[in-house]
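Written below as structure tokens is the structure these notes are about.
Here the structure is a predicted model, which is why all the values come from computation and not from measurement. So that the names make sense, note that chain A is the first sequence line, chain B the second, and so on, each numbered from 1.
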There are 2 protein chains.
Amino acid sequence: MVKKRSKNEAKRQQILNAAIQLFTEQGFAATSMELIAKNADVSKQTVYSHFGNKDELFSASIENKCESLHIFDFSLNDLTDPHTTLFNFAKAFTEFITSKEACAVHKICVFESTAYPQVSDLFYRAGPLRLTKEVTLLMEGLHQQKILCIENPKHAALQFLHMMKGELWMQIEFNTKERISSDEVDEYLRDSVAFFIRGYSF
Amino acid sequence: MVKKRSKNEAKRQQILNAAIQLFTEQGFAATSMELIAKNADVSKQTVYSHFGNKDELFSASIENKCESLHIFDFSLNDLTDPHTTLFNFAKAFTEFITSKEACAVHKICVFESTAYPQVSDLFYRAGPLRLTKEVTLLMEGLHQQKILCIENPKHAALQFLHMMKGELWMQIEFNTKERISSDEVDEYLRDSVAFFIRGYSF
DNA sequence: AAAATAAACTAGACAGTCCAGTCTAATATA
DNA sequence: TATATTAGACTGGACTGTCTAGTTTATTTT
């Protein structure tokens, strides 16, 4: 008869939190298990007891983060005013993809995509792929309600999402010193939404 | 009387080549100076004599690579047929940004942008910034020749370039297993060029 | 053109540091 | 009572950067 005492779930989460923070800040190779244990306020042995080795912990921490990043709620029911709807969505999207958290996970997943394709796949599915699918549905809706004339909704979704990235996203990606102002960002988004609607109007 | 013998330029280049290859393949932390020396067919001491330490070698190798990646020649003189001009440019652009070399440098510059902002800045200026400026000029040309109606040529350039990235670029970035076919890419590019022209036509 | 010289280069050893992962022995807890 | 947890020692290995001692090579002087 095996008596099994369950491992402390709180500690597990502490470890995952410390791990994702360090991994995203310093990268996989530059982060030591010892520091993760210390930051998680847990002994090194506990880390190894919860996660067999560094690779497993890395995968688990990315997976954990991807799940928590799923929360990007956009209520796009009101399609009657596409300008406002799309602009608001564009703003929310920009804020999301330029957030510290999202950028950090994005960065490490891309970087480790050759060594850990399964990890980067997690992010791809949870992020870009999921979002593209949702926006594709939105585009289909705009077409069916005769608000816009969108023959290929997937292409339109890709065009829209990529377009909205703009200059700010690049500057954050490359950590440049100068950053464009949020006014300029807004102007770019407004311009782009207007352009998008013009390009897909009847 | 100072006798100065210049260091071997060929060896310097061998070191830089080996360094950029390993750094882009394995990352900064995971690449050892010893292996760089070995791959460059040079002694470790020679590496240290040419480049004081690992950081310096890293910077130098990225700088060297950025210079060689400058070569993205697009002859965009013939503006009379914007569909063809923009499509050809879009194709060349896609091929360039999805090339192994460009992707690899992009990846490491983004990843090391916090630890080495000067390095990522090199790439940003040599790549995205330079290209955006050139395409902005193209957009101005299209406007002045009354081929398209582009009020804000910089926005148009950003929209165009970002839009063209599309799905393939994401799949390469995340190293996904499935890849869209080059036919699909062509279709996307054609669609996007048509959409772009529609959105900016008089 | 030959000899002299100073610097570049090589190979390898080396010190010092760090890290992944294991082991142990003691403690806490369900 | 069995298992989770802890702190810390420990192994084996890798890495950076230095040092040494000997070799090659470009340049300057004779």
Report task. Classify the side-chain pair A:Asn17/A:Gln21 by whether it contains a donor and acceptor separated by less than 3.5 Å. Result -> no
Polar pairs (N or O, both sides) under 3.5 Å between protein and nucleotides 16-18 of chain C?
none

Name every donor-acceptor pair, under 3.5 Å, that has one atom in a side chain of residues 87-95 of chain A and the other anywhere in the protein, sequence neighbours excluded.
from    : atom 1 : to       : atom 2 : distance (Å)
A:Asn88 : ND2    : A:Thr84  : O      : 3.4
A:Lys91 : NZ     : A:Asp186 : OD1    : 2.9
A:Lys91 : NZ     : A:Asp186 : OD2    : 3.2
A:Thr94 : OG1    : A:Ala90  : O      : 2.8

Residues in side-chain contact (heavy atoms from CB on, under 4.5 Å) with [X], at least two apart?
X	result
B:Gln144	none
A:Ala126	A:Cys66, A:His70
B:Ser43	B:Gln45, B:Thr46
B:Glu167	A:Tyr124, A:Lys154, A:Leu158, B:Gln171, B:Ile180

Requested in this report: Name all residues meeting the ring pair (Phe, Tyr, Trp, His ring centres under 6.0 Å) criterion together with B:Tyr116; count only those two or more places apart in sequence or in a different chain, and write none if there are none.
Outcome: B:Phe28, B:Phe58
Query raised in the report: Excluding sequence neighbours, so at least two apart, what forms ring pair (Phe, Tyr, Trp, His ring centres under 6.0 Å) with A:Phe195?
Result: B:Phe195, B:Phe196, B:Tyr200
Query raised in the report: Which parts of residues 12-29 of chain A get close to DNA chain C, meaning a heavy atom less than 4.0 angstrom away?
Result: none
Query - Sequence-aligned protein contact record of nucleotides 17-23 of chain D, with B where the base is within under 4.0 Å of a protein heavy atom and S where only the sugar-phosphate is - result: BBB----
Requested in this report: Please list, chain by chain and in numerical order, all residues satisfying salt bridge (Lys or Arg N to Asp or Glu O under 4.0 Å) with B:Asp191, sequence neighbours excluded.
Outcome: none
Requested in this report: For B:Lys38 and C:dA11, give me the distance from atom NZ to atom C1', rounded to whole Å.
Outcome: 14 Å
Report summary line: For residues 29-51 of chain B, the ring-ring contact (aromatic ring centres under 6.0 Å, His included) pairs (sequence neighbours left out) are none
